Amino acid sequence: DGSAATASRGPSGAAATLVERLLAPAGRADPYPLYAEAHRLGPVARIADTLYLVTGYQAVDQLLRDPGFGLYTMATGQGGDGPLDLLNRSILRANPPDHPRMRSLIGKVFTRRRVAALAPQVERAVDDLLDELAAERGPVDFMDRFAFRLPVTVICALLGVEARDHARLRPLAADLTEVLELTGPTTPAAETAAKDLAGRFAGLVAARRAEPRDDLVSALVAVRDADDGRLSDAELLGNLILLLVAGFETTTSLLGSGLALLLDRPELLATLHAATSAAATAPSTGAATAPSAGAATEPGTGDAAVAGFVEEVLRYESPVQVLTRTALVDGRSVADQPVPRGADLIALVGAANRDPARYPDPDVFDPSRADVRPLSFGAGAHVCLGNSLARLEATVAFTQLVRRFPAIRAAGDPVRRDRLVLRGLQSLPVRLGAAG
Ligand code: HEM
């Protein structure tokens, strides 16, 4: 009941209505017109006494970087030690002092070097998947046959999860991530998925503890065992589940949204094809070839064009649309709006990325925009640990895709997942056409 709350009483009805409309089926399907309305309420709007809506680019950035704001424990209805509560033990939901402790432990094994070393494996995985698709005569579902398989292959190789489990992981992750939507009580399917994943990882942890390999699970087990108590068993499991799910749910969306945008823009497809072909020294052979350097006519042109495209896809169709925070201390404010301790904030990352004060004509998809810095990987203490891996996968994927299949086209209507927070496609039928 603070004076700040009273001062912004006016817009609160509008913000509350807007959030309701966002959560309704039409809003989930296309939130962007509602984001445009949200910007008219100002960068921060009060939804209720202790609930705020943050939509401005600067405001979301400031909120995510301010250590005075943190995560609240998700209500799982499981009393703190059910399978879904493992996610609350992960780095994603942790506050200081747990967060910096886990972040430095996981950072020790999830290094830039480990990611950079994955480049040849990512190239090979992309080539193999595209070879399989090239052999198909009829239409194929790009989501199932590529957008899901690439990230799941890469993250499983990194973690050391057996390839034969891959197909089962897509529905499991989809069930589990339902808990990240803002739509209330967790479903039994999410609980079953969490239990299943926890069981798989418990088995894997035991196996790697007995016989370590050169994978992330072994490395995390070693870190855990070297200094007992610094990473509890629940934290180890929670973080492994998080790494697996964070490793592909979002990257799958990035790949699917990117291709859908390309299919709608044949001239852009042609431009990217020209750029990637000019930059290539040799046609793809299916072997693990390093990216071309030096010998090409215009070295790096294709990489820069594809990288710019990927950043604009991230801005335009953020795979994570919403982040939440809570005020951990008194006396904070966001964009000059005082926020009392204990108040919760809904940060619309997808809206921030389309803030007209930050990006002119924000609803236009334009890969040649200057200074694109989407907030799609978050910012501050929790900034995505996998962002360089996700960018690597997407640039390699789109480079090879447009280079090999310049005639790729839609073969039916895409089907969108019915989600607000984790935005992406469920299926995207395509015909690859003749290889270029
Ligand atoms: C955190 C997005 C891919 C691992 C985050 C956050 C965002 C995000 C927005 C911050 C959450 C918050 O502040 O509350 C994305 C997107 C991806 C992607 C859009 C793909 C396009 C990946 C990959 C991995 C990964 C490939 C791992 C292999 C993580 C982890 C965190 C995280 C471990 C937690 C970091 C922390 O809380 O300190 N991601 N992510 N992500 N992401 Fe990603």
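Counting starts at 1 for both ligands and their atoms, in listed order. Fair warning: this is a prediction, and the values are worked out from it, not measured in the lab.
- Under 4.0 angstrom from ligand 1, the non-hydrogen atoms of Leu92 come from both its backbone and its side chain.
- Between Thr251 and ligand 1, a contact under 3.5 Å exists for no N or O pair.
- Proximity annotation for atom 9 (C) of ligand 1: of Gly380, Cys384, Ala394, Ser376, Ser376 comes nearest, heavy atoms only.
- Interface of Phe110 with ligand 1, defined as ligand atoms under 4.0 Å from a residue heavy atom, comprises 27 (C), 28 (C).
- Ligand 1 has an N or O atom lying under 3.5 Å from an N or O atom of Arg325, backbone or side chain.
- The ligand atoms of ligand 1 that sit less than 4.0 angstrom from a heavy atom of Ile155 are 28 (C).
- The pair Glu311-Arg373 does not count as a salt bridge, with every side-chain nitrogen at least 4.0 angstrom from each carboxylate oxygen.
- Comment: Arg124 does not engage Asp127 in a salt bridge, judged by the lack of any side-chain N to carboxylate O separation of less than 4.0 angstrom.
- Around atom 17 (C) of ligand 1, the closest heavy atom drawn from Asn387, Leu389, Thr250 belongs to Thr250.
- In the model, Ser333 has no side-chain atom that pairs as donor or acceptor with a side-chain atom of Asp336 under 3.5 Å.
- Using a 4.0 Å cut-off between charged nitrogen and carboxylate oxygen, Asp371 and Arg369 do not count as a salt-bridge pair.
- Between Arg21 and Glu37 there is a salt bridge, since a side-chain N of the basic residue sits under 4.0 Å from a carboxylate O of the acidic one.
- Remark: minimum distance from atom 31 (C) of ligand 1 to any protein heavy atom is reached at Leu385 N, 4.1 Å.
- Looking only at heavy atoms of the protein, atom 23 (C) of ligand 1 is closest to Ala246 O, 3.5 Å.
- Between Leu204 and Val161 the shortest side-chain heavy-atom distance falls below 4.5 Å.
- A side-chain donor from one of Asn353 and Ser376 sits under 3.5 Å from a side-chain acceptor of the other.
- Taking atom 6 (C) of ligand 1 as the reference point, the nearest protein heavy-atom neighbour is Phe377 O, 3.9 Å.
- The closest protein non-hydrogen atom to atom 10 (C) of ligand 1 is His382 O, 3.4 Å.
- Using modelled atom types, one finds no donor on one side chain facing an acceptor on the other under 3.5 Å when comparing Arg417 with Ser253.
- Of all atoms in ligand 1, numbered sequentially from 1 with element shown, those under 4.0 Å from a heavy atom of Arg103 are 35 (C), 36 (C), 38 (O).
- Of the protein's non-hydrogen atoms, the one nearest atom 24 (C) of ligand 1 is Gly386 CA, 3.5 Å.
- For the ligand labelled ligand 1, residue His99 lies inside the 4.0 Å heavy-atom shell.
- When each atom of ligand 1 is checked for a heavy atom of Gly378 under 4.0 Å away, the hits are 9 (C).
- Donor-acceptor pairing under 3.5 Å is recorded for the side chains of Thr177 and Glu249.
- Taking the centre and axis of the six-membered ring of Phe148, the NZ or CZ atom of Arg170 falls inside the cone set by 45° and 6.0 Å.
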